[in-house]
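Written below as structure tokens is the structure these notes are about.
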Amino acid sequence: MPRILIANRGEIAVRIIRACAQTGHTSIAVYADQDIEAMHTQLADEAHALPGTSAADTYLSIDALLAAARASDADAVHPGYGFLSENAEFAAAVKDAGLIWIGPTATTIRALGDKVTARRIAEKVGAPLAPGIDRPLAGAAEVEEFAAAHGLPIIIKAAHGGGGRGMKIVRDLAEAAEAFDSATREALEAFGRPECFVEKYLERPRHVEVQILGDGHGRTVAVGDRDCSAQRRNQKLIEEAPAPNLGHDQRERLHRAAEDICAAVDYRGAGTVEFLLAADGTMTFLEVNTRLQVEHPVTEAVSGVDLVAEQFRIAFDGELGLAATPEPRGHAIELRINAEDPGRGFLPTPGRIEALTVPGGPGVRWDAGVRSGDTVQAAFDSLFAKLIVHGPDRATAIARTLTAARELQVSGPATVLPCTLEILTDPAFASADLGIHTQWIESELMPRF
Ligand code: ADP
């Protein structure tokens with residue numbers, strides 16, 4: 001059985017370690033100095049030190065990770081999410097070292113990581129796509145021409161952008177030249193690549209995404225969809241599956257588009273195709289995330305598919321474990337538990353968790369990287385746990401989520417929970433008919449907070 005090195009930490013490392021135990025694989029954790037007593041370090045079958053305390057020296061260091069893989073005699077590497085999970089160089093280096101990379105090929109990561117190339121692939125397979133210019137812009141004049149032809153608002157985006165950065169919305173033609181200049185400058189600064197492109201901007205859209213599994217030989221299957229519209233500055237706070245209030249034809253269209261986009265690049269492993277849906281029914285392809293997502297458990301809850309086990313099956317046997325999209329059973333909601341203070345602009349609040357009371361009951365799943373007495377480290381992500389709740393229908397899932405969220409007690413760092421509870425109890429969220437859009441938290445909720 002392949003020995004799997006998990007090039008990550010926190011809750012996702014713990015999630016993967018559990019999947020290793022359940023499928024008979026040896027799990028090998030890696031840890032930065034301050035993670036020597038962390039949950040993932042202790043739960044794994046083996047653990048190897050990554051000397052250092054910064055992300056750059058540890059979980060982001062290709063050299064350190066490959067050295068750990070060699071020292072531990074690993075056969076495969078699972079990158080989790082974040083860190084190097086979408087880094088084509090790391091994927092290539094793992095393969096060159098004779099190890100199995102649990103994810104799509106470096107070529108696929110590169111193609112889909114470039115939003116201009118990804119748009120072209122989406123266009124080729126006939127996916128829903130807002131009008132846009134599918135090549136890097138040569139100058140501001142092109143932005144003005146595009147606006148003249150398609151109308152405002154438009155959005156200028158970095159071709160190699162991520163994390164919601166390097167984007168400029170243009171609502172007034174007079175701002176086009178300045179927006180182009182600053183987008184290009186920011187793209188260069190943040191991502192080392194200046195290329196930008198432009199597309200129509202959809203007002204107050206919902207974020208709907210499709211979970212894909214691919215066998216690497218052109219066979220792909222949509223495992224289901226999720227709604228992740230509850231976001232703050234492009235950071236998701238609550239996710240649910242299936243996406244509520246999606247018509248049968250819309251759902252079919254998104255699932256088939258996601259399958260086709262991934263099939264076009266012989267996608268291997270788990271991936272997510274993101275779309276935006278405007279209130280008038282307009283849909284557009286947004287991007288492909290070439291890794292496991294934070295929110296994958298809501299899809300697991302309603303599909304019954306263990307996505308990490310499926311990643312192993314594809315990586316080691318080259319096979320898909322399912323032939324068609326499963327009919328979703330019930331409804332699932334995930335709350336991200338971040339050490340951030342919503343009362344202070346979501347400022348990170350790292351520190352020791354003095355006490356932790358974890359909720360239970362029917363349909364409750366708790367995925368955490370910490371236990372009582374552990375520390376939420378300042379050097380890494382503020383997300384330290386996820387609460388995933390499943391119910392027979394959306395109303396029951398919301399009621400169960402509220403009960404569980406109120407049972408959850410974290411003493412020590414402030415968390416986003418007070419904000420999350422506000423969202424869950426708001427009629428706009430509770431009524432799927434109204435639905436919330438991606439700007440809702442900032443424009444409607446935060447002013448009240
Ligand atoms: P990133 O890779 O930085 O996350 P995305 O392309 O996924 O960039 O876009 C991030 C967010 O920006 C989206 O979730 C959406 O809220 C907003 N956005 C991007 N493109 C558009 C668009 N054409 N219309 C409206 N909003 C958009």
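For reference, positions follow the sequence shown, starting with 1. Order of appearance sets the numbers: ligands from 1, and atoms from 1 within every ligand.
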Just wondering, more than 12 heavy atoms not from E203 lying within 6.0 Å of its CD?
yes

Tell me whether R204 at atom CZ has more than 12 heavy atoms from other residues, nucleotides or ligands lying less than 6.0 Å away.
no

Centres of the F90 and W101 rings: under 6.0 Å?
yes

Can I get a per-line list of side-chain donor-acceptor pairs under 3.5 Å for residues 153-164, giving both atom names and the distance, sequence neighbours left out?
unit_1 : atom_1 : unit_2 : atom_2 : d
K157   : NZ     : E199   : OE2    : 3.0
H160   : NE2    : R193   : NH2    : 3.2

For ligand 1, what is the set of protein residues having any non-hydrogen atom at a distance below 4.0 Å?
K115, I155, K157, G161, G162, G163, G164, R165, M167, E199, K200, Y201, L202, Q231, N234, E274, L276, L286, E287, T438

Do V308 and Q311 have side chains that get closer than 4.5 Å, going by heavy atoms?
yes

Consider only side-chain N and O atoms of E86 and T290, and report whether a donor and an acceptor are under 3.5 Å apart.
yes

